[in-house]
Q: 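Sharing a structure below in structure tokens format, with a few things to ask.
In this text the structure is predicted, and so the values were computed from the model without any measurement.
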Amino acid sequence: MTSNIRVAVIGAGMMGKNHLKTYKTLNGVELVGVYDISSEACKAAAESFGIKAFATMEEAAAAVDAVSIVTTSVTHADVGLFFLNKGIHCLMEKPLATTEAQCKQLIAAAEKNNVTLLVGHIEQFNPAVEQMHRILSDTSKICSLSARRMSAASGRITDVDVAMDLMIHDVEVIQSLVKSPVINVEASAVKTAKSPQGKDYITALLEFENGATADITASRITQARVRTLSVTTDTNYIDMDFINQSINVHSQGRMPFVNQDEIPDWMHYGLKGSVEQLFIPTNQPLQAELNHFTNCIRGTETPRITGQAALEALKVVWKIEERLGFFCAGQDSLNLAAE
């Protein structure tokens, strides 16, 4: 594809507007229009960005090569299948869909129509996560991981629990780092007056087939914004901050004394420690994600977050919800092993 890629955004809410704004900055992309079930919201967004307000999805499909689907989670399957089956490339905001059957339908439709399906797990485009992948691509063996994603209550998302809202980000990132099937899941929740079912503060423990473990906590009742991930390997300890896009690598080894008699009394064990703070060029993850999406359409890159990868993260979240006794939305199977 040598000409501009014609795109539209389906959904004119807050995140939809972020997609519209970002597409406007990309080279080789023509932002054609927007569609929303609310004609007023659609018209307002179209006027703000100087684009067309599509009256129907059919009208949008006839005018574009690709879409970002930024609608409510329960509509993802219907909207995604509509565009995929018309040969339109799709960036689907997470979650991919709300049931395993729907996810598989979307994956199959993308394959059948030979179009790109990228799932919007945006943390994969955080430069700190990108650097973490590089660090862990050597011979280091991951022993354990610990993730914290905490914030106060938000009115933006209220229809799902904190595992589906926030924890799913860390589940997907951790699975991509460990590269081993999850074989066991345990979970507990904090019950408060504001959240008597415990749906706003959850801690999960994952066990992987290769022996690694991960503990993940997500909260919507914590009066501070925290987004961190730490990794213990057989050679070092790495802590990462998603917000600051920073990484510190902690290492420890023997002091280089030739003669043990030279070791001071206060350091008789002869260990030394070091902390390396990595320089990471910052970026705007959404811009990087949409650039990646258009490059996948051009065939110069392959999707970082495939439909299958997104489904594997959902399987873990559904298992967490099952452990806590929450209602789970119709998954066909809770088999955690990759297919």
Q: Can you measure from CG (Leu91) to CZ (Phe83) and round to the nearest 0.5 angstrom?
A: 13.0 Å

Q: Report yes or no: do Gln124 and Glu172 form a side-chain donor-acceptor pair below 3.5 Å?
A: yes

Q: Cluster question for you: counting only ILVMFWY and a side-chain heavy-atom cut-off of under 4.5 Å, with indirect links fine, are Ile280 and Ile135 together?
A: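 Same cluster: Ile280 reaches Ile135 through Ile, Leu, Val, Met, Phe, Trp or Tyr contacts under 4.5 Å.
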
Q: Provide the closest heavy-atom pair for Ala8 versus Val64 in the form atom of the first, atom of the second, distance.
A: CB-CG1, 3.7 Å

Q: Any donor-acceptor pair under 3.5 Å linking the side chain of Thr25 with the backbone of Thr22?
A: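 Yes, because the side chain of Thr25 sits within donor-acceptor range (under 3.5 Å) of the backbone of Thr22.
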
Q: If you group Ile, Leu, Val, Met, Phe, Trp and Tyr by side-chain heavy-atom gaps below 4.5 Å, do Leu229 and Leu205 land in one group?
A: no

Q: Give a yes or no answer on whether the side chain of Asp200 reaches the backbone of Ile221 with a donor-acceptor pair at less than 3.5 Å.
A: no

Q: Supply the atom-to-atom distance Asn126 CG to Met132 CE, rounded to the nearest 0.5 angstrom.
A: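 Between atom CG of Asn126 and atom CE of Met132 there are 10.0 Å.
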
Q: Enter the distance from Leu206:CG to Ile320:CD1 here, rounded to the nearest 0.5 Å.
A: 5.5 Å

Q: Looking at CD of Glu312 and CG of Leu96, how far apart are the two atoms once the value is rounded to the nearest 0.5 Å?
A: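 Rounded to the nearest 0.5 Å, the CD-CG separation comes out at 11.5 Å.
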
Q: Are Val316 and Val129 connected, step by step, through hydrophobic side chains (Ile, Leu, Val, Met, Phe, Trp, Tyr) whose heavy atoms are closer than 4.5 Å?
A: yes

Q: Rounded at 0.5 Å granularity, tell me how far NE2 in His19 sits from CD in Gln287.
A: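 Answer for the NE2-CD pair, His19 versus Gln287, is 12.5 Å.
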
Q: For residues 40-54, please give each side-chain donor-acceptor pair under 3.5 Å, one per line with the distance, not counting sequence neighbours.
A:
residue: Ser48; atom: OG; partner: Ala44; partner atom: O; Å: 3.0
residue: Lys52; atom: NZ; partner: Glu59; partner atom: OE2; Å: 3.2

Q: Is it true that the side chains of Thr75 and Asp78 contain a donor and an acceptor less than 3.5 Å apart?
A: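 Distance-only check fails for Thr75 and Asp78.
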
Q: Is there a path of hydrophobic side-chain contacts, each under 4.5 Å between heavy atoms of I, L, V, M, F, W or Y residues, that connects Val226 with Val173?
A: no

Q: Between Arg149 and Ile216, is there a side-chain heavy-atom distance shorter than 4.5 Å?
A: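 When only atoms from C-beta onward are counted, Arg149 and Ile216 do not touch, as no gap falls below 4.5 Å.
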
Q: Any sub-3.5 Å donor-acceptor pair from Asn184's side-chain atoms to Glu207's backbone N or O?
A: no

Q: Does the side chain of Pro196 reach to within under 4.5 Å of the side chain of Lys191, using non-hydrogen atoms?
A: no

Q: Spell out, as yes or no, whether a donor-acceptor pair under 3.5 Å connects the side chain of Asp65 to the backbone of Ile5.
A: no

Q: Minimum heavy-atom separation for Ala109 and Asn85, please, with both atom names.
A: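 Reported closest heavy-atom pair: CB-OD1, 3.7 Å.
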
Q: List the steps and the verdict of side-chain contact (heavy atoms from CB on, under 4.5 Å) for Gln131 and Arg134.
A: CA-CA 5 Å; Gln131 185 64 43; Arg134 297 186 190 101; 3.2 Å; yes

Q: Determine the minimum heavy-atom distance between His89 and Thr116, stating which atoms define it.
A: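 Closest approach of His89 to Thr116, heavy atoms only: ND1-N, 3.0 Å.
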
Q: Has Ser180 got a side-chain atom pairing as donor or acceptor with Asn210's backbone, closer than 3.5 angstrom?
A: yes

Q: Membership question, hydrophobic clusters at under 4.5 Å side-chain separation (ILVMFWY): are Leu81 and Val119 in the same one?
A: yes

Q: Give the minimum heavy-atom separation between Leu117 and Leu106, together with the two atoms involved.
A: CD2-O, 3.8 Å

Q: Are the side chains of His169 and Lys94 in touch, meaning some heavy atoms are under 4.5 Å apart?
A: yes

Q: Which of these passes side chain to side chain contact (heavy atoms under 4.5 Å, CB included) with Leu145: Thr232, Thr233, Leu177?
A: Leu177

Q: Looking only at heavy atoms, which two atoms of Ile202 and Ala189 are closest? And how far apart?
A: CG1-CB, 4.2 Å

Q: Please evaluate residues Ile168 and His121 with respect to the criterion side-chain contact (heavy atoms from CB on, under 4.5 Å), reporting the C-alpha separation (whole Å), side-chain torsions for both, the decisive distance (0.1 Å), and the verdict.
A: CA-CA 9 Å; Ile168 191 170; His121 284 273; 3.9 Å; yes

Q: Between Ile247 and Glu276, is a side-chain contact (heavy atoms from CB on, under 4.5 Å) present by the stated rule, with each step listed?
A: CA-CA 8 Å; Ile247 290 180; Glu276 181 182 6; over 6 Å; no

Q: Pick from Thr203, Asp170, Asp215: which one makes a side-chain hydrogen bond (donor to acceptor under 3.5 Å, both in side chains) with Arg148?
A: Asp215

Q: Atom CD1 in Ile69, atom CD1 in Ile10: separation rounded to 0.5 Å?
A: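 Rounded to the nearest 0.5 Å, the CD1-CD1 separation comes to 7.0 Å.
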
Q: Quick one: does any side-chain atom of Gln308 pair with a main-chain N or O of Ile107 as donor and acceptor, under 3.5 Å?
A: no

Q: Counting only N and O atoms by type, is there a donor-acceptor contact under 3.5 Å from the side chain of Arg225 to the main-chain atoms of Met150?
A: no

Q: Is there a donor-acceptor contact under 3.5 Å from the side chain of Gln102 to the main chain of Thr98?
A: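 It does hold such a pair.
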
Q: Are Leu286 and Leu290 side-chain neighbours, meaning at least one heavy-atom pair lies under 4.5 Å?
A: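 Side-chain contact under 4.5 Å: yes.
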
Q: Inspect the surroundings of CD1 in Ile243 and state if more than 12 heavy atoms from other residues, nucleotides or ligands are less than 6.0 Å away.
A: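 Correct, the count exceeds 12.
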
Q: Is there a side-chain contact between Leu324 and Asp161, using heavy atoms and a 4.5 Å cut-off?
A: no

Q: Would Glu100 and Leu314 satisfy side-chain contact (heavy atoms from CB on, under 4.5 Å), going step by step from the backbone distance to the final call?
A: CA-CA 8 Å; Glu100 184 172 352; Leu314 279 167; over 6 Å; no

Q: Got Thr71 and His76 here, is their nearest side-chain heavy-atom distance under 4.5 Å?
A: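 Yes, side chains in contact.
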
Q: Hey, does Phe82 have a side-chain heavy atom less than 4.5 Å from the side chain of Glu58?
A: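 Counting from C-beta outward, Glu58 and Phe82 do come under 4.5 Å.
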
Q: Kindly check if the number of other-residue, nucleotide or ligand heavy atoms within 6.0 Å of CD (Gln197) is above 12?
A: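 For Gln197, atom CD is not crowded (no more than 12 foreign heavy atoms under 6.0 Å).
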
Q: Would Glu130 and Arg304 pass as an ion pair if we require N to O under 4.0 Å?
A: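 So Glu130 pairs with Arg304 through a salt bridge.
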
Q: Examine distances only and state if a side-chain atom of Thr213 and a backbone atom of Ser144 form a donor-acceptor pair shorter than 3.5 Å.
A: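 No; zero donor-acceptor contacts below 3.5 Å.
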
Q: Of the non-hydrogen atoms in Pro127 and Gln245, which two are nearest, and what is the gap between them?
A: CG-OE1, 3.1 Å

Q: Do the non-hydrogen side-chain atoms of Thr217 and Tyr201 ever get within less than 4.5 Å of each other?
A: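 A side-chain contact under 4.5 Å exists here.
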
